[in-house]
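These numbers come from a predicted model, not from an experiment.
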Amino acid sequence: MINFVDLAIASFIALISTFFLTFAVKKLAFKFNIVDFPNRRKIHVHPTPRIGGLAIFLGAALGLLYLQPEHIHLQAIFMGAIVIVVTGIIDDKYSVRPIIKLTGQLTATTFLLSSGLVIEKITLPFIGMIELGPFSVLITILWVVGITNAINLIDGLDGLATGVSTIGLVSILIMAIVDLQIFAVYLCVVLIGANLGFLYHNFYPAKIYMGDTGSNFLGYMIAVISMLGLFKNVALFSFIIPIIVIAVPILDTAFSIIRRALNKQHIMQADNKHIHYQLLRAGFSHRQAVLIMYGFSLVFGVLAIVFQQAPLQISLIVAIIVFILVHLLAEIAGIVMGGKRPVVDKLLKMAGKDGEKSKLKQDNKEK
């Protein structure tokens, strides 16, 4: 039985704890020089502390301490989270090589695997349930590492990763409540509370960044919660649902890989051509670009909830809407139709934005 009063209290504890802990974490970041300095690829102009994710982790932990859940995978999840956070702090301080970050992520995933938390089966339309068998471990590793890095890559504008992950967690929370996935519900409410407490400091203009400490932690937890809840669902489209929930960071990651491959760049090479940067080039302000990304995330989240509960006919309609949204994001990313953006340009014109003029202005500024 879900006690909604306890959930509200736990979420508030996480929120208020994170809110006040962030002040201490900011001082800690400046003391140990864990600061994000401006450069050509980045937008901010002042040195900004960047281990805000530590406050999110601690706030969520305090909220969970109130709930005191019992679950077979709790210890493994917590140990994996500590590895992720420590790896993130080291990266925020020293900007370590990708292989070191990957090692930390794989180590965290190993804790999950050792506890038996794996994606054992998926359900596909017109095929039914598929037992993954020996591929379970590989799929689980790809899912956890992939989602962890997807949230990390979208952390490019003030409040973006915090808001997008919160919207995704709210969508998962609703579906977990419907399916009575109690432990998944507990994790969602404390993370949502912690994110909201941090967002006060992180929304534009940000006073602190979550850094890899936060983005990797949130990505790891979203991957874990989806394994606990969404993949356990036997609905017709259960395999697609968790992908739709966090479609924005997943698509941004996929588009980045495609773009870099087309440009013959290393797929791990950082750039400023992510979807959110393209929105800035189109003439939207920093705050508007973030809110647009929130809007996309919200629509995908609602579609995922509908997808889970709807009959086949409605699900197919939702699938068409998802395809349209994916195409819009692909146009914004500039990876379809040779870089042409007929739909996006039409929408920009309706919004009174001169996309090409703004893009040229931004490009000249960067030069």
### Query
Do the ring planes of Tyr277 and His274 sit parallel (below 30°), tilted (30 to 60°) or perpendicular (above 60°)?
tilted
### Mutual orientation of the aromatic rings belonging to Phe23 and Phe19 [parallel < 30°, tilted 30-60°, perpendicular > 60°]
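Aromatic pair Phe23/Phe19 classed perpendicular.
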Quick one: does any side-chain atom of [X] pair with a main-chain N or O of [Y] as donor and acceptor, under 3.5 Å?
| X | Y | answer |
| --- | --- | --- |
| Arg50 | Ile208 | no |
| Asp179 | Gln181 | no |
| Ser11 | Leu7 | no |
| Thr140 | Ile119 | yes |
| Asn152 | Asp212 | no |
| Asp252 | Ile275 | yes |
| Ser17 | Ala14 | no |

Return yes if a side-chain donor-acceptor contact under 3.5 Å exists between [X] and [Y], otherwise no.
| X | Y | value |
| --- | --- | --- |
| Asp36 | Thr48 | no |
| Thr87 | Asn216 | no |
| Trp143 | Ser226 | yes |
| Tyr209 | Asp155 | no |
| Asn202 | Asp158 | no |

Where [X] and [Y] come nearest, the two heavy atoms and their spacing:
| X | Y | answer |
| --- | --- | --- |
| Tyr220 | Val144 | CD1-CG1, 4.0 Å |
| Ala194 | Ala60 | CB-N, 3.9 Å |
| Thr18 | Gly197 | CG2-C, 4.2 Å |
| Gly219 | Ile147 | O-CG2, 3.5 Å |
| Tyr66 | Ala10 | CD2-CB, 3.9 Å |
| Gly80 | Ala108 | O-CB, 3.4 Å |

Establish whether [X] and [Y] are linked, either directly or via other cluster members, by ILVMFWY side-chain heavy-atom contacts under 4.5 Å.
| X | Y | result |
| --- | --- | --- |
| Phe57 | Phe20 | no |
| Ile332 | Leu280 | yes |
| Tyr186 | Phe78 | yes |
| Leu187 | Ile2 | yes |
| Leu328 | Leu279 | yes |

Side-chain contact, heavy-atom cut-off 4.5 Å: [X] with [Y]?
| X | Y | result |
| --- | --- | --- |
| Phe300 | Val322 | yes |
| Ile72 | Ser115 | no |
| Pro205 | His286 | no |
| Leu228 | Ile77 | yes |
| Gln75 | Phe111 | no |
| Leu132 | Glu120 | no |
| Leu67 | Val189 | yes |
| His276 | Val290 | no |

#### Entry: Phe203 atom CZ, over 12 foreign heavy atoms within 6.0 Å
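Yes, the 6.0 Å shell around CZ holds more than 12 heavy atoms from other groups.
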### Task
Assess whether atom OH of Tyr200 is packed by more than 12 heavy atoms of other residues, nucleotides or ligands within 6.0 Å.
no
To the closest 0.5 Å, what do you measure between [atom1] ([X]) and [atom2] ([Y])?
| X | Y | atom1 | atom2 | value |
| --- | --- | --- | --- | --- |
| Phe255 | Leu329 | CZ | CG | 6.0 Å |
| Ser165 | Met210 | OG | CE | 5.5 Å |
| Ile225 | Leu173 | CD1 | CG | 9.0 Å |
| Ile172 | Ile246 | CD1 | CD1 | 6.5 Å |
| Thr22 | Leu54 | OG1 | CG | 9.0 Å |
| Leu102 | Thr109 | CG | OG1 | 9.0 Å |

### Query
Should Ile182 and His71 be marked as a side chain to side chain contact (heavy atoms under 4.5 Å, CB included) after you check the CA-CA gap, both sets of side-chain angles, and the distance that decides it?
CA-CA 10 Å; Ile182 307 296; His71 195 273; over 6 Å; no
### Query
Hey, mind stepping through Ile84 and Thr107 against side chain to side chain contact (heavy atoms under 4.5 Å, CB included) and telling me if it holds?
CA-CA 9 Å; Ile84 288 288; Thr107 302; over 6 Å; no
### Message
The test is side chain to side chain contact (heavy atoms under 4.5 Å, CB included); show your working for Leu303 and Leu325 and say whether it passes.
### Response
CA-CA 11 Å; Leu303 291 175; Leu325 291 175; 3.8 Å; yes
### Task
Evaluate ring-ring contact (aromatic ring centres under 6.0 Å, His included) for His73 paired with Phe183, printing each intermediate quantity in order.
CA-CA 10 Å; His73 301 301; Phe183 187 51; 8.3 Å; no
### Query
Is it true that the NZ or CZ of Lys27 lies under 6.0 Å from the centre of Phe32's six-membered ring and within 45 degrees of the ring axis?
no
### Task
Could you please spell out the steps behind the side chain to side chain contact (heavy atoms under 4.5 Å, CB included) verdict for Leu157 and Tyr204?
CA-CA 8 Å; Leu157 297 179; Tyr204 182 80; over 6 Å; no
### Query
Pick one: which of Leu169, Leu64, Leu196 meets side-chain contact (heavy atoms from CB on, under 4.5 Å) with Leu191?
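Filter result, single survivor: Leu169.
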